[in-house]
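Notes for the one structure printed next.
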Amino acid sequence: MGAARRVRGAHRPPAGAGRAGLAPAGAGGRAGGHRPPADPLRRPAPGRRPGRQPRDAPSARFRWLVDEADAEGVRVATRLASAHPGRVEVRTFGAAPATSNPKVFKLARAIDPADDLVALLDDDTVLPPGTLSRACAALADGDLATGLPYYKEARGAWARLVAGFVNGSALVTYLPLLAAGPPVSVNGMFVLTTRGALERAGGLGAIEGFVCDDYELALAYRRTGQRLVQAALPVWVRTTVPDAASYGRLMRRWMVFTGRLVRDEVGPAMLGLVLVPAVLPALALLTGVLAASWPLVVGVGVALLGKAAAMAALRRRLLGATEDTAAIAAEVVADLLQPVHAAAALASGGRITWRGRPMRLDAEGRVRP
């Protein structure tokens with residue numbers, strides 16, 4: 001589900017969308033002083049927590065997209081629309097075709113000709129106060145702006161591992177890679193663009209058959225000569241991961257997506273900043289254990305703890321995030337498990353499970369029957 005919104009003012013806000021919805025965003029908010037309301041937009045799906053409605057763009061209008069089969073989601077979203085008349089619109093959709101990305105299927109049908117800016121916002125993602133306005137300002141430097149994911153308030157061991165993986169990777173990949181050139185992909189949890197730019201890229205319908213929609217959307221913009229802006233804008237994510245099986249499916253899916261990007265984009269910068277750091281710690285630890293080289297084992301552990309502590313300090317300074325020692329420990333474990341998840345993704349043959357729906361992908365990331 002998602003939301004679409006419009007903003008009155010110097011900029012007309014976008015229609016935006018999330019992993020399950022669309023949200024037009026506005027440019028007229030002010031930074032600070034507001035917190036997202038507690039109204040859930042739909043019942044959390046497995047592995048999800050409800051999205052929330054940002055309030056830093058008072059004239060924004062939200063378009064929430066809900067599956068017709070999700071009776072509870074429709075009920076809650078309708079109640080939310082009633083509580084915010086003129087601000088929230090609910091649109092329902094039937095089941096997506098078997099060869100379609102179920103998220104993009106809805107988004108491609110939810111942008112209206114009158115929409116100006118288009119903000120795509122995941123259903124488990126919250127925009128901190130002022131983010132929408134800052135993203136609008138970032139569009140002065142390009143055609144699509146994206147932010148940095150930060151997992152908040154992870155509860156349970158499996159959710160902590162997911163948070164450790166994302167939080168331990170985002171700042172050391174998204175921003176440093178910019179030194180080597182323009183962004184090659186986007187963080188699909190939140191993007192902001194104009195309807196005109198999206199149409200020049202072929203529209204969301206052009207990527208409806210691809211599961212790795214973040215990368216495919218970025219490719220569509222790059223192929224049409226449009227500029228991506230990787231802004232230092234944190235977006236907060238809250239996701240529930242109830243058990244080991246859910247964690248494994250989630251990580252395998254992400255690694256399948258990563259493999260698609262790496263095959264196309266690998267170069268010295270990605271090799272040095274992403275691939276080697278992902279593999280080397282676990283390889284060094286395994287070597288130390290097999291060779292009974294305990295100084296090497298201890299050295300790897302100390303290095304990983306140092307890296308996690310340094311990243312926590314950086315997140316505290318840049319994002320205002322406060323994390324406990326359990327979060328730092330989870331990041332260390334998540335770092336060591338990356339090669340395991342990568343191997344599982346390679347062994348899967350392009351088979352993933354997304355929101356309870358088994359899918360088979362080809363080498364280009366298309367959904368196959």
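Computed from heavy atoms alone, side chains included, the values below leave out hydrogens, waters and symmetry copies.
Residues L233 and Y221 fall into different hydrophobic clusters, defined by Ile, Leu, Val, Met, Phe, Trp and Tyr side chains chained together at heavy-atom separations under 4.5 Å. M255 and V166 fall within a single hydrophobic cluster, where Ile, Leu, Val, Met, Phe, Trp and Tyr side chains are chained together by heavy-atom contacts under 4.5 Å. Both M311 and Y174 are part of a single hydrophobic cluster, where members link through side-chain heavy atoms under 4.5 Å apart.
A heavy-atom distance below 4.5 Å is found between the side chains of L175 and Q230. Looking only at side-chain heavy atoms (C-beta outward), E208 and R109 come within less than 4.5 Å of each other. You'll find the side chain of D264 reaches within 4.5 Å of the side chain of Y215, heavy atoms only. Considering only heavy atoms from C-beta on, M270 comes within 4.5 Å of V262 through its side chain. Proximity of V66 to V76: side-chain heavy atoms (C-beta onward) are nowhere separated by under 4.5 Å. Put simply, the side chain of F210 does not reach to within 4.5 Å of the side chain of N101, judged on heavy atoms. Residues K103 and W354 form a side-chain contact, since some pair of their non-hydrogen atoms from C-beta on lies under 4.5 Å apart. With a 4.5 Å cut-off on side-chain heavy atoms, W254 and V162 count as touching.
Side-chain atoms of K106 do not come within 3.5 Å of backbone N or O of R91 as any donor-acceptor pair. Although no hydrogens or angles enter the test, the distance criterion places a donor-acceptor pair under 3.5 Å between the side chain of R227 and the main chain of D141. Not one N or O on the side chain of T125 forms a donor-acceptor pair closer than 3.5 Å with the backbone of V237. No donor-acceptor pair closer than 3.5 Å links the side chain of N167 to the backbone N or O of Y150. At least one donor-acceptor pair under 3.5 Å links the side chain of T146 to the backbone N or O of F190. Checking side-chain atoms of R222 against main-chain N and O of V184 turns up a donor-acceptor pair under 3.5 Å. D67 places no side-chain N or O within 3.5 Å of a backbone atom of A69 that could act as its donor or acceptor partner. At distances below 3.5 Å, not a single donor-acceptor pair connects side-chain atoms of Y151 with backbone N or O atoms of R160.
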Decide side-chain contact (heavy atoms from CB on, under 4.5 Å) for L314 and R317; before the verdict, give the C-alpha distance in whole Å, the side-chain angles of both, and the deciding distance to 0.1 Å. CA-CA 5 Å; L314 184 61; R317 183 165 67 87; 3.6 Å; yes

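Under the rule for a ring-ring contact (aromatic ring centres under 6.0 Å, His included), F105 has no partner lying at least two apart in sequence or in another chain.
Separating the CG atom in D70 from the CZ atom in R75 is a distance of 10.5 Å, to the nearest 0.5 Å. Rounded to the nearest 0.5 angstrom, S169 OG and Q338 CD are separated by 5.0 Å.
Among M359, R357, R249, the one residue that satisfies the side-chain contact (heavy atoms from CB on, under 4.5 Å) test with I352 is M359.
A side-chain N or O of D124 and one of T239 form a donor-acceptor pair less than 3.5 Å apart.
In this structure, R260 does not pair ionically with D214, as no charged nitrogen and carboxylate oxygen lie closer than 4.0 Å. Salt-bridge check for D112 with R195: failed, with every basic side-chain N at 4.0 Å or more from each acidic carboxylate O.
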